[in-house]
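The block underneath contains the structure these notes are about, expressed in structure tokens.
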Amino acid sequence: MLQVSYIRQNKEQVISGLQKKNFKDLTVIDQIIEADDLRKDWQRKLDDYLAESNKLAKEIGQLFKEGKTQEANDKKARTAELKELSREANDQVNATQEQLNLLLFKVPNLPHSSVPTGHSAEDNEVVKEWGQMPQLPADAVPHWELTEKYDIIDFKLGNKITGAGFPVYKGQGARLQRALINFFLDQAVAQGFNEIQPPLMVNEDSGFGTGQLPDKEGQMYYVNEDKLYLIPTAEVPITNIFRDVIVNAKDFPIKNTAYSQCFRREAGSYGKDVRGLNRLHQFDKVEIVVIESPEKSYEQLETMSLYVQSLLQKLELPYRVLRLCGGDMSFTSALTYDMEVYSAAQQRWLEVSSVSNFESFQANRLKLRYKDENGKTQLAHTLNGSALALPRIVASLLENNQTDKGIRIPKALVPYTGFEYIQ
RNA sequence: GGAGAGGUGCUCGAGUGGUUGAAGAGGCACGCCUGGAAAGUGUGUAUAUGUCAAAAGCGUAUCGAGGGUUCGAAUCCCUCUCUCUCCGCCA
């Protein structure tokens, strides 16, 4: 969430930024400023009442000590009055604060200046393409047929046990999953990321801290009995490690990585986009999360983007990098690169990673701060990215590498799978 | 799930109604001392918010969270929450 002080001081920039993000309800900005004025008024009143009250309390105490009971009791009349006034003011402070928060939650992060204008995925800017488009044999088939042919991922069995979107990985399919997870984690650790194993369920505060709540509540599975949410990404627990934390500027960049299974309800998505591995309710992902100083966060974003690309290169997957346009970016992001691999049999690009700089938008909610050289506490910048999400990587590995000898495993992965072909 | 104990600052740890934002110790930072270091010694060491151009200063809030009693609460009462111990259950 944006800081009110920033909105107040940079109103014009905020408005033009929101326009770029196709945010329609621009009147909310003035509403925020009004609500903040109102809140301040009440806060000031409350503080004054309390100040007077505190002063009187001390005086009364003193008078009692000196035995001047009558005088003391006289002053009590005013404190009773003040109590009533401050109770009222306090209610108003709470109400106005809540009102202000509701308004602030509506406002998305502002886009970085390099973000292209645009409304949809078509307006995203392709900043890079890498690799050769695979030449597939005439009888090439999409991955959902290959998984069945080699009996490595069983969607029907998942349906039976759980439901759609919960596939069962078997034999070489299961080993391929394990190989990818280990490969990604080893790469991240070699890159200086600290490996974490987070909880797969989080509480409400955490969901709120990273912005899944209150808006995207319906996207997460919820365990009513214990009021816990299944994580949609390891970003949630990992970033929340730093909720209410003041870090040391010397420790920047703070780099963490985690493998986790991710759970997403994906309510309302159906059709060919969700066929096979394209969209699942439960999937595996290795996530990288970085906390960085505002000065270096964009440099860090490029580093992270290159790192993610290096993974795709090692897996020999043709990919492209998109700079998302204002209309296609997430609510919380200031700049996002999407990495898409080409899935040859489906003949389409599949998003396998999304690397974003949130600047201080998340940090403001999290209250994640650092002390700068002057000893002043400031909001840190947070960034994260998938490195990588497995299902679509598997989909394109299967499709792109299908041969008459079976499915070829990229060289870098063979030490992890222990086999060169899925047969 | 049953019974009990407890949550105080970066950490440990005092504190059962009144100048306690909080003793003391440790840690950390800076200074002195030293050839350098250790030891010693001195000073400092929360966050948020308001006022302010800004800083200083000052006001307000914060001793798990929320509410209550009281002129006044870290201290008393209620609710919630978390942790620990014992029993039960269990990978």
- [ ] Check every strand shown and say whether K367(A) touches a base, only sugar-phosphate, or nothing at a heavy-atom separation below 4.0 Å.
- [x] nothing
- [ ] Figure out the CD/P separation between E84(A) and rU69(B), and round it to whole Å.
- [x] 11 Å
Open item on the list: Taking E316(A) first and then R408(A), would you say they form a salt bridge - that is, a charged N and a carboxylate O separated by under 4.0 Å?
Closed with: yes
Task: Gap between atoms CZ and P, on R87(A) and rG67(B) respectively (whole Å) - done: 11 Å
- [ ] Return the nearest nucleotide to the side chain of A57(A); candidates are rA46(B), rC71(B), rA48(B).
- [x] rC71(B)
- [ ] Give the rounded distance in Å between these two atoms: CG of N94(A) and C1' of rA61(B).
- [x] 12 Å
- [ ] Using the C1' atom as the reference point in each nucleotide, state the distance between rG31(B) and rU19(B) in Å, no decimals.
- [x] 32 Å
Task: Nearest-angstrom distance, P atom, rU51(B) to rA56(B) - done: 15 Å
- [ ] Rounded to whole angstrom, note down the P distance from rG2(B) over to rU79(B).
- [x] 16 Å
Open item on the list: How many whole angstroms separate atom NZ of K227(A) from atom C1' of rC82(B)?
Closed with: 15 Å
TODO: Evaluate the side-chain proximity of M1(A) to V107(A): yes if any heavy-atom separation is below 4.5 Å, no if none is.
DONE: no
TODO: Give K371(A) one of three labels, base, sugar-phosphate or nothing, depending on what nucleic acid heavy atoms sit under 4.0 Å from its own.
DONE: sugar-phosphate
- [ ] Counting Watson-Crick and G-U wobble pairs only, both distances under 3.5 Å, name the nucleotide matched with rG35(B), or none.
- [x] none
Task: Ion pair check, D47(A) and R44(A), cut-off under 4.0 Å - done: no
Open item on the list: Please give the distance between the C1' atoms of rC10(B) and rU47(B) as a whole number of Å.
Closed with: 13 Å
Open item on the list: So if I take every side-chain heavy atom of K40(A) and compare against rG59(B), rU69(B), rU51(B), which nucleotide ends up nearest?
Closed with: rU51(B)
Please set out all donor-acceptor pairs under 3.5 angstrom arising from side-chain atoms of residues 162-174 of chain A, sequence neighbours excluded.
residue : atom : partner : partner atom : Å
K170(A) : NZ   : D151(A) : OD1          : 3.1
K170(A) : NZ   : D154(A) : OD2          : 3.0
Q172(A) : OE1  : Q423(A) : N            : 3.1
Q172(A) : NE2  : Y421(A) : O            : 3.1

- [ ] Taking atom C1' in both rG66(B) and rU85(B), compute the distance separating them and give it to the nearest angstrom.
- [x] 28 Å
Task: Rounded distance in Å - CG (D205(A)) to P (rG66(B)) - done: 12 Å
Task: Identity of whatever pairs with rA29(B) - Watson-Crick or G-U, under 3.5 angstrom - done: rU43(B)
Task: Nucleotide nearest R44(A) (side chain, heavy atoms from C-beta), chosen from rU60(B), rG50(B), rU47(B) - done: rG50(B)
- [ ] Could you let me know what rG59(B) is paired to, Watson-Crick or G-U wobble, both distances under 3.5 Å, or none if it's on its own?
- [x] rU49(B)
Task: Pair assignment for rC71(B), Watson-Crick or G-U wobble, requiring both distances under 3.5 Å - done: rG18(B)
Open item on the list: Can you check the distance between rU70(B) and rA65(B), where both ends of the measurement are the P atom (answer in whole Å)?
Closed with: 23 Å
Task: Residue matched to rG9(B) through Watson-Crick or wobble contacts both under 3.5 angstrom - done: none
- [ ] Looking at every strand, decide which applies to R369(A) at a 4.0 Å heavy-atom threshold: base, sugar-phosphate, or nothing.
- [x] sugar-phosphate
Open item on the list: Tell me whether the side-chain N or O atoms of D47(A) pair up with the base of rG59(B) as donor and acceptor below 3.5 Å, since no angle test is needed here.
Closed with: yes
Task: Spacing of the P atoms in rA74(B) and rG64(B) (rounded, Å) - done: 10 Å
Task: Closest-nucleotide 5' rank along RNA chain B - winner of K376(A) and T79(A) - done: K376(A)
Task: For atom CD1 of I246(A) and atom P of rC28(B), their distance in whole Å - done: 19 Å
Task: Assigned partner base of rG66(B), Watson-Crick or wobble definition, under 3.5 Å - done: rC78(B)
Open item on the list: Could you tell me how far apart K83(A) (NZ) and rG67(B) (C1') are, to the nearest whole angstrom?
Closed with: 12 Å
- [ ] Would you indicate what K76(A) reaches in the nucleic acid, counting non-hydrogen atoms under 4.0 angstrom: base, sugar-phosphate, or nothing?
- [x] base
Open item on the list: In the structure I gave you, are the side-chain heavy atoms of L397(A) and L413(A) within less than 4.5 Å of one another anywhere?
Closed with: yes
- [ ] Find which nucleotide of RNA chain B each of L56(A) and K250(A) is nearest to by heavy atoms, and output the residue with the more 5' nucleotide.
- [x] K250(A)
- [ ] For N54(A), answer base if it contacts any base atom (sugar-phosphate contacts may also be present), sugar-phosphate if it contacts only those atoms, and nothing otherwise; contact means non-hydrogen atoms under 4.0 Å.
- [x] sugar-phosphate
- [ ] List for me each residue that meets side chain to side chain contact (heavy atoms under 4.5 Å, CB included) alongside C325(A), sequence neighbours excluded, and say none if there are none.
- [x] P116(A), D123(A), N124(A), D328(A)
Task: Complementary nucleotide of rC90(B), counting Watson-Crick and G-U pairs under 3.5 Å - done: none
Task: Among rU69(B), rG18(B), rU60(B), the one nearest F64(A) by side-chain distance - done: rG18(B)
TODO: May I ask you to check whether F208(A) and F105(A) place their ring centers less than 6.0 Å from one another?
DONE: yes
Open item on the list: Between rA23(B) and rG13(B), how far apart are the two C1' atoms, rounded to whole Å?
Closed with: 10 Å
- [ ] Tell me what T377(A) touches on the nucleic acid: a base, only sugar-phosphate, or nothing, going by heavy atoms under 4.0 Å.
- [x] sugar-phosphate
Task: Test: K55(A) and E52(A) ion pair at under 4.0 Å - done: no
TODO: Nearest whole angstrom, please: distance from the C1' of rU60(B) to the NZ of K55(A).
DONE: 15 Å
